Chemist: 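Let me give you the structure first, and then I'll get to my questions.
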2 protein chains.
Amino acid sequence: MSDRTETATLREFNRTWTQRVGVLEESFLGTGRPLNVARLLFEIGPDGAGVRELRDRLDLDSGYLTRLLRRLTDDGLVELRPDPADRRRRLATLTPAGRASWRELDERSEELAARLVAPLTPRQRGRLIEALATANLLVRAATTALREVGPDDPVAREAAGRYFAELDRRFPGGFDPGVPDHEGRFLVATSAGRPVAYGGVRPLPDGSAEIKRMWVDDAWRGAGLGSRMLRELEALAVRRGHGRVVLDTNRTLVEAIAMYERAGYSPVERYNDNPYAQAWFAKVLT
Amino acid sequence: MSDRTETATLREFNRTWTQRVGVLEESFLGTGRPLNVARLLFEIGPDGAGVRELRDRLDLDSGYLTRLLRRLTDDGLVELRPDPADRRRRLATLTPAGRASWRELDERSEELAARLVAPLTPRQRGRLIEALATANLLVRAATTALREVGPDDPVAREAAGRYFAELDRRFPGGFDPGVPDHEGRFLVATSAGRPVAYGGVRPLPDGSAEIKRMWVDDAWRGAGLGSRMLRELEALAVRRGHGRVVLDTNRTLVEAIAMYERAGYSPVERYNDNPYAQAWFAKVLT
DNA sequence: ACCATTCTCTGACTATGGTCAGAGGATGTC
DNA sequence: GACATCCTCTGACCATAGTCAGAGAATGGT
């Protein structure tokens with residue numbers, strides 16, 4: 001019903017943004033250098049970057065990227081050297097001249113942003129920035145894919161570490177993960193290669209699946225990533241043949257409990273001997 | 001002070017949007033047809049459009065536009081015919097096949113928007129849409145230029161008409177503009193050729209300038225356009241050699257009065273015999 | 001009737017963006 | 001040490017984007 005006005009608002013905004021900001025940006029950043037060359041220079045950044053990594057980030061053909069890099073090296077802005085760790089790869093770093101160009105790009109971009117909001121009153125400026133921050137979070141959350149991984153995937157391990165660390169901070173008596181357990185399938189959402197949301201399912205002897213280790217990075221909360229993780233974990237459990245999911249949690253985790261209830265979970269009796277668990281929930285999957 | 005975090009938020013959002021939405025959009029709309037051709041087709045729309053108008057809206061070189069149009073006419077999607085009102089101009093309209101292609105583009109764009117928000121919960125979706133609507137309004141307001149025109153400019157006349165109509169609606173006894181007055185300089189903000197904000201200054205015998213006919217379109221309120229109009233009218237008064245501005249208003253217009261007070265105006269005695277005026281303000285310009 | 005101006009269109013270019021196949025060196029695995 | 005794979009780079013292309021000068025028809029003002 002309101003679907004149509006929702007998409008209309010989104011499309012209208014997109015039109016405004018690309019027309020008023022995107023165009024401005026191109027004319028700003030593109031001075032002197034072709035747009036893709038400028039973007040590449042910007043992406044390499046003061047700390048340098050691997051060529052392979054740049055290819056992924058900018059989604060460019062390898063041959064094309066090589067040629068773009070050539071222009072930058074010819075202009076004396078960038079230096080390429082083999083990666084000592086893997087000599088098939090090359091690392092790109094900015095020369096002093098390159099750093100100067102980078103700073104100039106950065107300043108232009110900063111100036112563009114400042115100029116864009118300048119006509120607004122401070123009050124309206126505040127409203128705009130707040131709206132953009134909200135939209136940024138939600139758009140990122142909406143466009144971040146949940147990837148299925150095993151428990152020993154490096155990203156999964158990093159996420160688990162951060163999950164345990166948070167429990168240790170929040171539980172009054174701390175938290176001890178005990179012996180690592182290599183069972184189950186996990187979903188992770190990543191941003192720039194780092195995990196921002198994580199969760200898993202494990203089969204139980206009675207045929208249910210247990211949802212475990214649900215975790216969302218602080219900076220990504222409030223965007224519905226947790227609910228989405230829960231939904232997709234349930235779908236994963238269904239795919240693996242389970243008709244019912246259970247989970248346990250600690251009374252400290254109030255937001256989590258509220259979310260389980262919103263998602264249709266009902267309290268059940270203790271089904272395990274997890275010493276940290278104080279509440280148990282279950283939901284039948286259709 | 002908070003300037004730096006403001007621009008950082010804006011830049012961060014821009015990065016997210018262009019990366020996650022812009023790229024998606026190009027791959028979506030660009031299927032089969034080059035991006036600019038698709039955009040042009042979309043811009044012509046079911047109602048058709050003048051070639052001159054398209055050139056302005058898309059900001060294209062006239063030669064380039066002609067060639068883009070050629071591809072559309074060659075493919076049987078668009079028909080060009082001379083404008084009966086001015087035979088130098090040409091009008092572009094979609095053929096039935098063109099309308100079908102247009103609809104397809106429209107549906108794809110709609111689908112893209114729906115898909116983007118699909119992973120969000122209804123609650124988060126609502127928040128996103130609200131944030132985008134706010135941002136849309138504010139960005140448009142911030143990037144709309146105020147143009148100086150004379151009182152007889154067609155856009156100024158249209159704006160004046162809407163201003164008078166609104167007074168007539170809001171004043172208990174209606175409003176009669178009386179004899180049109182061709183004095184003063186005006187500022188208008190336009191969107192797609194229609195006025196969305198309007199206001200003027202007129203020299204008074206005592207050397208002050210009078211601010212008059214301040215008006216902002218309903219759909220554009222709440223974005224600070226009024227304050228900006230006021231500021232720029234003051235600047236216009238200064239440029240024309242005035243050191244003080246005055247204005248009168250009606251008690252009905254409560255938002256306007258609040259804005260004048262925020263902008264540093266102080267109440268003064270009645271300085272004219274305007275029968276609709278119930279409050280008078282002045283501000284000394286530096 | 002003249003003149004400056006406007007609009008569209010053509011020709012002639014150049015630059016930018018993007019693709020593909022394959023060479024050649026480096027790496028990891030069995 | 002053989003083999004599949006990965007990474008970078010080159011050559012050979014082609015499409016798209018964008019610019020500029022000017023021709024030719026139409027218009028508006030004087």
Side-chain angles (χ1 to χ4, degrees), chain A residues 18-19 22-44 48-75 78-93 154, chain B residues 18-19 22-23 25-44 48-75 78-93 152 154:
Chain A
T18 47
Q19 267 187 15
V23 172
L24 258 181
E25 194 182 25
E26 279 176 34
S27 70
F28 245 64
L29 296 187
T31 22
R33 240 174 281 285
L35 193 57
N36 271 347
V37 177
R39 270 206 248 277
L40 176 57
L41 180 69
F42 194 80
E43 202 66 32
I44 292 172
V51 170
R52 184 61 237 252
E53 188 193 343
L54 291 169
R55 240 178 70 197
D56 287 341
R57 289 219 298 249
L58 297 171
D59 191 33
L60 294 173
D61 175 84
S62 63
Y64 186 31
L65 177 57
T66 300
R67 260 175 283 265
L68 292 177
L69 280 169
R70 262 298 289 278
R71 300 178 65 156
L72 290 173
T73 52
D74 284 356
D75 290 355
V78 164
E79 270 172 353
L80 287 175
R81 59 166 206 285
D83 182 341
D86 180 344
R87 299 223 315 290
R88 287 170 302 184
R89 300 175 181 233
R90 314 197 77 188
L91 299 176
T93 48
Chain B
T18 47
Q19 268 188 15
V23 171
E25 194 182 26
E26 280 178 33
S27 69
F28 245 65
L29 296 187
T31 23
R33 243 174 278 287
L35 194 57
N36 270 347
V37 177
R39 272 206 247 276
L40 176 56
L41 179 68
F42 194 80
E43 202 67 32
I44 292 171
V51 170
R52 184 61 236 254
E53 189 193 344
L54 291 169
R55 240 176 72 199
D56 287 342
R57 290 219 298 250
L58 297 171
D59 191 32
L60 293 173
D61 174 84
S62 63
Y64 185 32
L65 177 57
T66 300
R67 258 175 284 264
L68 291 177
L69 280 169
R70 262 299 289 280
R71 299 179 64 159
L72 290 173
T73 52
D74 284 356
D75 291 355
V78 164
E79 270 172 355
L80 287 175
R81 59 166 207 284
D83 182 342
D86 179 345
R87 297 223 316 292
R88 288 170 302 181
R89 301 178 180 230
R90 314 195 78 188
L91 299 176
T93 47
D152 296 321

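Nothing here was measured: the structure is a model prediction, and the numbers come from that model. To find a chain, count down the sequence lines: A is the first, B the second, and so on, and within it residues start at 1.
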Chemist: Quick check on side-chain contact (heavy atoms from CB on, under 4.5 Å): which of B:Leu40, B:Leu41, B:Leu54 does B:Leu68 satisfy it with?
Modeler: B:Leu40

Chemist: Using whole Å, what does the distance between atom C1' of nucleotide C:dT6 and atom CZ of B:Arg89 come to?
Modeler: 8 Å

Chemist: What integer distance in Å separates A:Arg81:CZ from D:dC7:P?
Modeler: 18 Å

Chemist: CG of B:Leu69 versus C1' of C:dT8: gap in Å, rounded?
Modeler: 10 Å

Chemist: Mind checking whether A:Ser62 and A:Val51 have side chains closer than 4.5 Å, heavy atoms only?
Modeler: no

Chemist: Treating B:Arg57 as the side-chain partner and B:Glu43 as the backbone partner, does any N or O pair qualify as donor plus acceptor under 3.5 Å?
Modeler: yes

Chemist: Within the structure provided, determine whether A:Asp74 and A:Arg71 are in side-chain contact (heavy-atom separation under 4.5 Å).
Modeler: no

Chemist: C:dC7 phosphate, OP1 or OP2: any side-chain N/O from B:Arg52 under 4.0 angstrom?
Modeler: yes

Chemist: Nearest 0.5 Å, please: how far is CG in A:Leu72 from CZ in A:Arg67?
Modeler: 14.0 Å

Chemist: Could you state the interatomic distance from CZ (B:Arg55) to CG (B:Leu69), rounded to the nearest 0.5 Å?
Modeler: 11.5 Å

Chemist: Working to the nearest 0.5 Å, report the span between CG of A:Leu80 and OG1 of A:Thr66.
Modeler: 9.0 Å

Chemist: Looking at A:Asp59, I'd like to know if its CG atom is crowded, meaning that more than 12 non-hydrogen atoms belonging to other residues, nucleotides or ligands lie closer than 6.0 Å.
Modeler: no

Chemist: Listing time: all N or O pairs from protein to nucleotides 16-20 of chain D that are below 3.5 Å?
Modeler:
| unit_1 | atom_1 | unit_2 | atom_2 | d |
| --- | --- | --- | --- | --- |
| D:dT16 | OP2 | B:Arg71 | NH2 | 3.3 |
| D:dA17 | OP2 | B:Tyr64 | OH | 3.4 |
| D:dA17 | O5' | B:Tyr64 | OH | 3.3 |
| D:dG18 | OP2 | B:Asn36 | ND2 | 3.3 |

Chemist: In whole Å, I'd like the distance from the CG atom of A:Leu40 to the P atom of C:dG17.
Modeler: 11 Å

Chemist: In whole angstrom, give the distance that lies between atom CG of B:Leu65 and atom P of C:dT10.
Modeler: 12 Å

Chemist: Can you build the contact string for nucleotides 22-30 of chain C? Use B for base contact, S for sugar-phosphate-only contact, and - for no protein heavy atom under 4.0 Å.
Modeler: ---BBS---

Chemist: For the helix from C:dA1-D:dT30 to C:dC30-D:dG1, figure out the bend between the end axes, five pairs an end, and round to 10 degrees.
Modeler: 30°

Chemist: Please determine if A:Arg52 and A:Asp83 form a salt bridge, counting it only when a charged side-chain N lies under 4.0 Å from a carboxylate O.
Modeler: no

Chemist: Looking only at heavy atoms, which two atoms of A:Ala92 and A:Val78 are closest? And how far apart?
Modeler: CB-CG1, 4.1 Å

